[in-house]
Protein chains: 2
Amino acid sequence: MGRRPSNKPTSFDIAYLAGVSQPTVSRALRGSKAVSLATRQKIEAIARQLNYTVDKNASSLRSQRSNTLALLFFEDPTPDESNINPFFLSMLGSITRHCAAKGLDLLISFQKLDDDWHKKYQESHRADGLILLGYGDYTLYEARLRQLVRSGTHFVRWGSVDRDTIGATIGSDNFGAGRLVGEHLLARGRRAIAFLGQADSHYPEFQQRHAGLVRAMQTAGLKQDPDLVVDAISSEEIGYAAAKTLLARGKPFDAVFAASDLIAIGALRALGEAGLVVPRDVALVGFDDLPAASHTSPPLTTVMQDMRHAGEALVETVLAQIEDRPTPPPVLPTRLVVRASSGG
Amino acid sequence: MGRRPSNKPTSFDIAYLAGVSQPTVSRALRGSKAVSLATRQKIEAIARQLNYTVDKNASSLRSQRSNTLALLFFEDPTPDESNINPFFLSMLGSITRHCAAKGLDLLISFQKLDDDWHKKYQESHRADGLILLGYGDYTLYEARLRQLVRSGTHFVRWGSVDRDTIGATIGSDNFGAGRLVGEHLLARGRRAIAFLGQADSHYPEFQQRHAGLVRAMQTAGLKQDPDLVVDAISSEEIGYAAAKTLLARGKPFDAVFAASDLIAIGALRALGEAGLVVPRDVALVGFDDLPAASHTSPPLTTVMQDMRHAGEALVETVLAQIEDRPTPPPVLPTRLVVRASSGG
DNA sequence: TACCATCCGGCAATCGTTTGCGTAAAGTAC
DNA sequence: GTACTTTACGCAAACGATTGCCGGATGGTA
């Protein structure tokens, strides 16, 4: 009989029933080789029968290991807080699955940029490591990243890997993808390719996509007209405005590479309103392969990022840091999804 | 000077510096009234200066309260595990925000129906309460819900509230929404309204939406033809197939109410392939207001659920259970979003 | 028989809080 | 000045695991 009649069973209860000491129960259940097969099986049987579960808090407190990762979304301080960037939502599924496969719990939180989350997760032993996702202006949280590195926090970030990056970073091959898009459009006979997206260092991913496009054009002996590059961050409204700006400049173009699907969707509307037919007059390519991309008319050619492996790479990388192992390669391949918007 | 030179500070370190006992530090920091203003402020200042954070594991272990909620997604065992039901993803934002506002951490997990998650979260003190989301066949996890109730677990479920439900449930006013859709279509002169969606008790939400439609038709003196009702669960492919089935039956109809946007999007494709023009020949209404709904052609008339309040209600309800307070009202209003697909 | 390595498992300390109980000092009430 | 409540805080015992250290069996070798 346990000491407390009806409460949750503890390892003491099991120990009593098994006729061993309580530490032996702990060792048996976590598979220590210092306990014989016979007693382990006996203990396991009793544990199963009592419906015993290890108390997470006691375990984490003593072992200083929570087996938990924290997933932090950073949002640009946009007024529209109703919906989340769908791209990262699709990453979420992948991350949770790999956490589950590794026996990790996942804490999730949406952060304003000015919260002091670093403290909250880093020092309270809530999580062993952090996964940082943010689609916004890189420079805004650069300082925080430095602080994390200084304090020895285990973390990994989704972003552009090729720049002089702070901390571990996983990301798609944005440059390669940009080149892929460029080659695709060139192969379809397009020559005057516009680019909608921030082409400066605040958004290094967009910058890389653009650089890939430029490279493809260079290889074909073309130069990109700077007038055909319009800054935009990832939002439908801003994509719409950017396309308007592009049109207003009056320079002819026969293709648009939008740095994200949201931008592309906004641009699609602006082009339509200007009487241009996609893809006949203008070919259009996006980036991300949002669910919505296949439902626009015409359906959007876009770049698919490898979500499945993205989540895996992120989890593996932070785990590798925690356990002081070498980290997996940080660059993930992409795939061009050709649909009607880039011409037939 | 603390006892350990460079490690994370503990409440002992603060106590030493403040010249008080360690329990007093704990009391001061959690705002107990048993500590004077002066000493509290002194302690708070030192804590801030030392960059102290309460150790979550120690705190939870002793207080038996983790201040954490677990969000569990249930998935039908579909082979396509790449993407998550977008409707619930949009709920996620709302839930995390309200958890943050209440100072709660949020654990997230995707569950296969056959996992014994109940045990994992219920007994390991990982979380104080559970939020259950699942769009699938209700009967599949009915037994689990009973078990949760028996074991006294705090949980709340998103679903159909009006049935003889097990445990606390929050949900939209599906019946009212169905009636709204019916009235809208009738007002546009449609008379033969088809329904795509499971109309049996396995999917009580769909059933309620259908019941609302039937009520609206009854009020207008109409009866719904059973041949115009086709079973479907929420997926684009199945919506496509359901619409094909409907067409194959040969009965004329001038409107389709799809029980979800995914179904509607599939149906839209099937109708188009059959040479029917939406909305001229057939009006189409969906449910959920997915992001994609505004990008179909024609854009989809649909029902918007109140995500912001949904998250709030879920969190509040499980919190109320934990703290033994009365729970907030469980039914949330909906709003019809009229777009082109239901006719001009 | 003596010696040493190996295998199992117990003892007790520890992780860093929270909380019940006790009590000196200080404040009322008469 | 006695008696009785507050106020403010200390003491020590939890909470339930993990882990370093140690020692009794066991068995193999010389």
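Per chain, numbering begins at 1; letters A, B, ... match sequence-line order.
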Report task. Consider only side-chain N and O atoms of A:Ser32 and A:Arg40, and report whether a donor and an acceptor are under 3.5 Å apart. Result ->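 Checked: A:Ser32/A:Arg40 side chains show no N/O donor-acceptor pair below 3.5 Å.
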If you check every side-chain atom of [X], which of [options] has the closest atom?
{"X": "A:Ala34", "options": "C:dG9, C:dT17, D:dC11", "result": "C:dG9"}
{"X": "B:Leu61", "options": "C:dG16, C:dT18, D:dA17", "result": "C:dG16"}
{"X": "A:Ala58", "options": "D:dC11, D:dA17, C:dA12", "result": "D:dA17"}
{"X": "A:Gln64", "options": "C:dC15, D:dA13, C:dA12", "result": "C:dC15"}
{"X": "B:Thr39", "options": "C:dT18, D:dC9, D:dT18", "result": "D:dC9"}

Closer than 4.0 Å, any side-chain N/O of [X] to the OP1 or OP2 of [N]?
{"X": "A:Ser21", "N": "C:dG9", "value": "no"}
{"X": "B:Arg30", "N": "C:dT18", "value": "yes"}
{"X": "A:Thr10", "N": "D:dC15", "value": "no"}
{"X": "B:Ser36", "N": "D:dC9", "value": "yes"}
{"X": "A:Ser26", "N": "D:dA17", "value": "no"}
{"X": "A:Thr24", "N": "C:dG10", "value": "yes"}
{"X": "A:Tyr52", "N": "D:dG16", "value": "no"}
{"X": "A:Gln22", "N": "C:dC11", "value": "no"}
{"X": "B:Ser11", "N": "C:dG16", "value": "no"}

Below 4.5 Å, heavy atoms only, C-beta onward: do [X] and [Y] meet side chain to side chain?
{"X": "A:Leu104", "Y": "A:Asp128", "answer": "no"}
{"X": "B:Glu123", "Y": "A:Asn51", "answer": "yes"}
{"X": "B:Pro328", "Y": "B:Thr317", "answer": "yes"}

Query raised in the report: Just by distance, do the side chain of B:Thr68 and the backbone of B:Ser66 share a donor-acceptor pair under 3.5 Å?
Result: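 Between the backbone of B:Ser66 and the side chain of B:Thr68 there is a qualifying donor-acceptor contact (under 3.5 Å).
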[X] [atom1] to [N] [atom2]: how many Å, rounded?
{"X": "B:Lys33", "N": "C:dT19", "atom1": "NZ", "atom2": "C1'", "value": "12 Å"}
{"X": "B:Tyr16", "N": "D:dC9", "atom1": "OH", "atom2": "P", "value": "19 Å"}
{"X": "A:Ile14", "N": "C:dG10", "atom1": "CD1", "atom2": "P", "value": "14 Å"}
{"X": "A:Ile43", "N": "D:dT18", "atom1": "CD1", "atom2": "P", "value": "12 Å"}
{"X": "B:Asn57", "N": "C:dT14", "atom1": "CG", "atom2": "C1'", "value": "14 Å"}
{"X": "A:Phe12", "N": "D:dG16", "atom1": "CZ", "atom2": "P", "value": "9 Å"}
{"X": "B:Arg65", "N": "D:dA14", "atom1": "CZ", "atom2": "P", "value": "23 Å"}
{"X": "B:Lys42", "N": "D:dA8", "atom1": "NZ", "atom2": "P", "value": "15 Å"}

Report task. Identify, between A:Arg40 and A:Pro23, the residue whose nearest nucleotide on DNA chain C lies closer to the 5' end. Result ->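 On the 5' side of the pair lies A:Arg40.
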Report task. Please report the C-alpha distance between B:Glu312 and B:Arg97 in whole Å, then the side-chain angles of each, then the deciding distance to 0.1 Å, and finally whether the salt bridge (Lys or Arg N to Asp or Glu O under 4.0 Å) criterion is met. Result -> CA-CA 8 Å; B:Glu312 181 171 5; B:Arg97 261 178 259 278; over 6 Å; no
Query raised in the report: Heavy atoms under 4.0 Å, any strand shown: does B:Ser60 hit a base, just sugar-phosphate, or nothing?
Result: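 The answer is nothing, as B:Ser60 stays clear of every strand by at least 4.0 Å.
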Report task. Have a look at B:Val20 and say if it touches a base, only the backbone sugar-phosphate, or nothing, with a 4.0 Å heavy-atom cut-off. Result ->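 The answer is sugar-phosphate, as B:Val20 gets under 4.0 Å only of primed atoms, P, OP1 or OP2.
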Query - 5' precedence on DNA chain D between A:Arg27 and B:Arg62 (nearest-nucleotide basis) - result: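 Comparing both residues, the 5'-ward one is B:Arg62.
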